[in-house]
Amino acid sequence: MIYDVAIIGAGPAGIAAATQLKRQGMSFIIFEKSRVGGLILNANLIENYPGFPNGISGEDFSKLLDQHLNILKIDIIYQQVLTVSYNYCYTINTETDSYNSKYCIFACGTLPNKLQKSLLINDPKIHYDLSSLKTVRNADILIIGSGDAAFDYALSLSKYNNIHIFSRTEKMKCLPLLVHRAKLVKNIKIDPNIEIQNIKKTSAKTIVNFKQKGNDNELEFDYILAAIGRYPDSSLFETVKEIIPVNSSFVIGDTISDNCRQASISVGSGIKAAMQIFHKINF
Ligand SMILES: Cc1cc2nc3c(=O)[nH]c(=O)nc-3n(C[C@H](O)[C@H](O)[C@H](O)COP(=O)(O)OP(=O)(O)OC[C@H]3O[C@@H](n4cnc5c(N)ncnc54)[C@H](O)[C@@H]3O)c2cc1C
């Protein structure tokens with residue numbers, strides 16, 4: 001069988017594309033390597049998505065996305081897409097299966113920037129999003145970074161833990177609203193002008209050596225979460241972009257949103273891609 005469309009990724013962008021394709025009566029498949037919702041699962045409180053006047057947590061928002069898929073009877077293929085090739089149609093390969101489609105929507109989102117390897121001694125475990133820390137309680141957690149994600153993670157994790165935020169700069173690169181909220185939480189400590197020297201794993205804790213205003217310091221933590229930016233994951237698209245027909249593929253969502261990465265923008269790009277495919281086939 002050749003589907004009209006294959007969608008890779010079931011974050012807000014991929015799900016929006018799927019709902020629109022369904023409405024248009026087209027055949028499609030959608031792949032997800034992890035959980036429905038993608039990055040938005042990490043959000044503490046979404047306050048800028050129209051229709052949720054009191055805000056909604058990322059988990060609850062993702063449950064609604066899941067519900068929307070169920071109501072429309074859209075099944076997700078929970079497999080990671082490993083390769084995509086093109087020979088008169090797209091072939092999408094997972095570990096166990098291959099699928100064919102006429103069009104392909106790449107909605108793979110972003111990947112986290114990693115800390116420099118030279119800073120890490122004895123292979124300490126560094127977390128790069130919230131998913132593995134959601135059930136942690138009564139721990140000392142260091143969050144490295146000063147952007148929206150760092151502060152959003154701090155507000156989430158501070159409900160049950162002590163949080164330290166290390167920022168390299170004096171001025172936070174974050175929405176003032178989030179900084180203001182974090183400052184009101186007594187178990188969030190914000191440290192500017194930090195230059196991390198190294199992060200060392202010991203048997204019980206992780207030790208962080210750093211310089212602040214020229215002075216050497218050391219602190220111990222149970223967990224380290226680095227939120228130091230993300231980059232577009234266009235790796236699958238890159239492998240086929242030279243050989244595919246013009247306008248047969250769409251890269252959508254955070255992957256192409258530069259520094260304006262928001263769920264509503266991703267959703268818009270998903271709807272638009274699905275509509276463009278419909279117009280191309282029908283008119
Ligand atoms: C802490 C935090 C708070 C946020 N708060 C807000 C907010 O309040 N409001 C707002 O609008 N936005 C917020 N965002 C941003 C929002 O999460 C993103 O803009 C949105 O999730 C992007 O959607 P997307 O579908 O483009 O990508 P993603 O959500 O990243 O989804 C991509 C999906 O593709 C899957 N995938 C990738 N590669 C493959 C593959 N090879 N095979 C199968 N599946 C694959 C991934 O597992 C993922 O599920 C926040 C982000 C963070 C980190």
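Numbering starts at 1 and runs along the sequence shown. What you see below is based on every heavy atom in this structure, not just the backbone, and it leaves out hydrogens, waters and symmetry mates. As the structure lists them, so they are numbered: ligands from 1, and atoms in each ligand from 1.
Annotation: His279, atom NE2; neighbour count of heavy atoms from other residues, nucleotides and ligands within 6.0 Å is above 12. In the displayed structure, Lys134 atom NZ is contacted under 6.0 Å by more than 12 heavy atoms of other residues, nucleotides or ligands.
Contacts of Tyr49 with ligand 1, taken as heavy-atom pairs under 4.0 Å, are absent altogether. Contacts between Pro12 and ligand 1, counted as non-hydrogen atom pairs separated by less than 4.0 Å, involve both the backbone and the side chain. Contacts between Asn44 and ligand 1, counted as non-hydrogen atom pairs separated by less than 4.0 Å, are absent for every part of the residue. Within the 4.0 Å heavy-atom criterion, neither part of Asp148 lies near ligand 1. If you look at Ala107 next to ligand 1, the close heavy atoms, those under 4.0 Å, all belong to the backbone. Proximity of Ile8 to ligand 1, defined as any heavy-atom pair under 4.0 Å, is confined to the side chain (atoms from C-beta onward).
With no hydrogens or angles considered, no side-chain donor-acceptor pair links Asn193 and Gln212 at under 3.5 Å. There is a side-chain donor-acceptor pair under 3.5 Å between Asn100 and Thr91. In summary, the side chains of Asn209 and Asn198 do present a donor paired with an acceptor at a separation below 3.5 Å, with no hydrogens or angles considered. For Ser158 and Asn187, the side-chain atoms include no donor-acceptor pair closer than 3.5 Å. Defined by atom type and a distance below 3.5 Å, a donor-acceptor pair is present between the side-chain atoms of Gln79 and Thr96.
Here's the thing with Tyr153: none of its N/O atoms is less than 3.5 angstrom from an N/O atom of ligand 1. Considering backbone and side-chain atoms together, Ala13 places an N or O closer than 3.5 Å to an N or O of ligand 1. Between Gln80 and ligand 1, not a single N/O pair is under 3.5 Å apart. Between Lys33 and ligand 1, an N or O atom pair is found at a separation short of 3.5 Å. An N or O contact shorter than 3.5 Å links Gln262 to ligand 1 by distance.
If you check which protein heavy atom lies closest to atom 11 (O) of ligand 1, you get Ala263 N, 2.8 Å. Remark: minimum distance from atom 15 (C) of ligand 1 to any protein heavy atom is reached at Arg261 O, 3.7 Å.
Each of the atoms 22 (C), 23 (O), 24 (P), 26 (O) of ligand 1 lies under 4.0 Å from some heavy atom of Ser266. Close contacts between ligand 1 and Gly38 involve ligand atoms 29 (O), 31 (O), 48 (C), 49 (O) [criterion: under 4.0 Å to a heavy atom]. Which parts of ligand 1 touch Asp152 is read off a 4.0 Å heavy-atom cut-off, strictly below it: atoms 1 (C), 3 (C). Residue-ligand proximity, Gly253 to ligand 1, at heavy-atom distances under 4.0 Å covers atoms 26 (O). Interface of Ile40 with ligand 1, defined as ligand atoms under 4.0 Å from a residue heavy atom, comprises 6 (C), 12 (N), 13 (C), 14 (N), 16 (C), 17 (O), 21 (O). Set against the non-hydrogen atoms of Ala43, the atoms of ligand 1 under 4.0 Å away are 3 (C), 4 (C), 5 (N).
For the side-chain contact (heavy atoms from CB on, under 4.5 Å) with His164, the qualifying choice from Asp140, Asp191, Val208 is Asp191, the only one to do so.
In this structure, Lys102 forms no cation-pi arrangement with Tyr90, as its terminal cationic atom is not both closer than 6.0 Å to the ring centre and no more than 45° off the ring axis.
Of the listed residues (Leu178, Ile256, Thr110, Asn48), the one carrying the non-hydrogen atom nearest atom 7 (C) of ligand 1 is Asn48. Nearest residue to atom 52 (C) of ligand 1 from Val267, Ile265, Leu39 is Leu39 (criterion: closest heavy atom).
Using the six-membered ring where Trp is involved, Tyr99 and Phe31 have ring planes that are perpendicular, over 60° apart on the 30 and 60° scheme.
Formation of a donor-acceptor pair under 3.5 Å by the Asp66 side chain with backbone atoms of Ser62 is not found in this model. Of the possible donor and acceptor atoms, none in the side chain of Gln24 sits under 3.5 Å from a partner among the backbone N and O of Met26.
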